[in-house]
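Each remark here refers to the structure printed beneath this line.
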Amino acid sequence: MYRTIQTPTIWREMDRLQRDMNRLITRYYPSRTQTAPDYPAINIWANRETHFVSAEIPGVRAEDIDLNVEGNTLTISGERYKDEIPENANFHRQERGFGKFSRSITLPSAVEADKVEATFKNGLLNITLPKLEAEKPKKIEIRS
Amino acid sequence: MTETTKELEVQEQSLAESDGMERTRSEVTFIPRSDIYETEDNLYLTLDMPGASEGKIDITLEQNILTISGISSNDVPEGYSLTYSEFQDGDYERRFRLTDRIDRDNIEARFQNGVLKITLPKAEEARTRKISVKPA
């Protein structure tokens, strides 16, 4: 005889219910929850010298994305255009959105605007932003 | 036909239900947002799958169940640590039950800028035929 350690079914069922309720509330009473998350969704990575920002922007062409850097503020803006749809098409589902977007991100330190590089692949925008020399961390010697 | 457009929204981080089965991969599974529309001849599916790539997408049609799955990953250079996160790598999976009969040999799929577009031609017998009523 042996037992497997597993989450009891009731908890899994409750998690599922909670997810379903959250989904219902956000869909029909968006005002009950906080405002819609900013578009696009971003991740920020960093090391000592550089910030690395990635954003999920599917369905947009690279030339329709604008990037602006000023001090420590990065602005990603652009537009996702509606798809070309054959005439007399009938929609069964329409979950994808279209339109203009703009998002400003305050980075923890100022960056060298001239050295910012960006790539766009498979709907993912990756931006490398080197920190300003003056903002890079400095090693401080401790004197005895 | 429909002129209503949705606002841009962040991809729902909702996880796909796994039917009580455990998955072998530890990654989370996302349900890609989809548009589905049809014309007389074709059924069209458009899915947002940012971070996936041509080689990492599988489309299967078994009986009348169309399964689309993919793996999303971003190449973050080494030596970075994550300081703020709103999305993550994971798997995409979504299944649709098709009601029309589909011409299986002529399904086309294209992946561009993180969007997957599938064209499913309807089988000859499933196309709607117009029947003209002749005067008596």
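Treat the numbers as computed from the prediction; the structure is a model and nothing was measured. Protein chains get the first letters and strands the later ones, always in sequence-line order, with residue 1 at the start of each.
Applying the 6.0 Å contact sphere to NZ of A/K138 captures more than 12 heavy atoms from other residues, nucleotides or ligands. Other residues, nucleotides and ligands contribute only 12 or fewer heavy atoms inside 6.0 Å of the CD atom of B/E62. The number of heavy atoms from other shown groups lying within 6.0 Å of CZ (B/R110) does not exceed 12. Around the NZ atom of A/K136, the shell of radius 6.0 Å holds more than 12 heavy atoms that belong to other residues, nucleotides or ligands. Other residues, nucleotides and ligands place no more than 12 heavy atoms under 6.0 Å from the CD atom of A/E70.
Residues A/S54 and B/F87 meet the side-chain proximity criterion, which asks for heavy atoms closer than 4.5 Å. Inter-residue side-chain proximity for A/W45 and B/P77 is flagged as unmet; no heavy-atom pair is nearer than 4.5 Å. Within the 4.5 Å cutoff, no side-chain heavy atoms of A/N122 are placed close to those of B/M49. Residues A/T50 and B/Y80 form a side-chain contact, since some pair of their non-hydrogen atoms from C-beta on lies under 4.5 Å apart. Contact check for B/Y84 versus A/I105: no side-chain heavy atoms found under the 4.5 Å cut-off. Proximity of B/I36 to A/Q94: side-chain heavy atoms (C-beta onward) are nowhere separated by under 4.5 Å.
A/R93 contributes atom CZ, which lies 13.0 Å from atom OG1 of B/T46 (distance to the nearest 0.5 angstrom).
In terms of heavy-atom proximity, A/I44 sits nearest to B/L82 at O-CD1, 3.4 Å. When all heavy atoms are compared, the tightest approach of A/A46 to B/T83 is CB-CG2, 4.1 Å. In plain terms, the two heavy atoms of B/P50 and A/G123 that are nearest each other are CB-O, 4.0 Å. Across B/V115 and A/P58, no two heavy atoms sit closer than the pair CG2-C, 3.9 Å. Contact detail for A/E87 and B/T39: the closest heavy-atom pair is O-CG2, 4.3 Å. When all heavy atoms are compared, the tightest approach of B/N113 to A/R61 is ND2-CA, 3.6 Å.
Under the 4.5 Å side-chain heavy-atom criterion for Ile, Leu, Val, Met, Phe, Trp and Tyr, B/L98 and B/I68 are members of the same hydrophobic cluster. One hydrophobic cluster holds both B/F96 and B/L116 under the rule that ILVMFWY side chains link at heavy-atom gaps under 4.5 Å.
A salt bridge links B/E86 with A/R103: the distance from a Lys NZ or Arg NE/NH1/NH2 to an Asp or Glu carboxylate oxygen falls below 4.0 Å. Ion pairing of B/R33 with A/E56 is absent here, as no side-chain N (NZ or NE/NH1/NH2) approaches a carboxylate O to less than 4.0 Å. The residues B/D35 and A/K82 are annotated as not salt-bridged, no charged nitrogen and carboxylate oxygen being separated by less than 4.0 angstrom.
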What's the verdict on side chain to side chain contact (heavy atoms under 4.5 Å, CB included) for B/D48 and A/R80, showing C-alpha distance, side-chain angles and the deciding distance?
-> CA-CA 12 Å; B/D48 281 346; A/R80 181 153 117 152; 3.0 Å; yes
Give the C-alpha distance, both sets of side-chain angles, the deciding distance and a yes or no for side chain to side chain contact (heavy atoms under 4.5 Å, CB included) between B/V76 and A/F52.
-> CA-CA 8 Å; B/V76 178; A/F52 184 83; 4.1 Å; yes
Would you sort out whether B/Y37 and A/N90 count as a side chain to side chain contact (heavy atoms under 4.5 Å, CB included), showing the intermediate values?
-> CA-CA 5 Å; B/Y37 52 90; A/N90 272 320; 5.9 Å; no
Evaluate the criterion salt bridge (charged side-chain N to carboxylate O under 4.0 Å, His left out) for residue pair B/R94 and A/E95; output intermediate values, then yes/no.
-> CA-CA 13 Å; B/R94 196 153 181 183; A/E95 300 167 354; 2.8 Å; yes
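Ranked by heavy-atom pairs shorter than 4.5 Å toward chain B, the options A/V60, A/T128, A/T119 are led by A/V60. Taking chain B as the reference chain and counting heavy-atom pairs below 4.5 Å, the highest number among A/A62, A/G59, A/P108 is found for A/G59. Among B/N74, B/D75, B/L45, the residue with the largest count of heavy-atom pairs under 4.5 Å with chain A is B/N74.
For B/S72, no part lies near chain A; criterion is any non-hydrogen pair under 4.5 Å. Neither the backbone nor the side chain of A/R48 comes within less than 4.5 Å of any heavy atom in chain B. Heavy atoms closer than 4.5 Å to chain A are found in the side chain of B/L43, but not in its backbone.
Side-chain atoms of A/N43 never come within 3.5 Å of backbone atoms of B/Q88 as a donor-acceptor pair (strictly under, hydrogens ignored).
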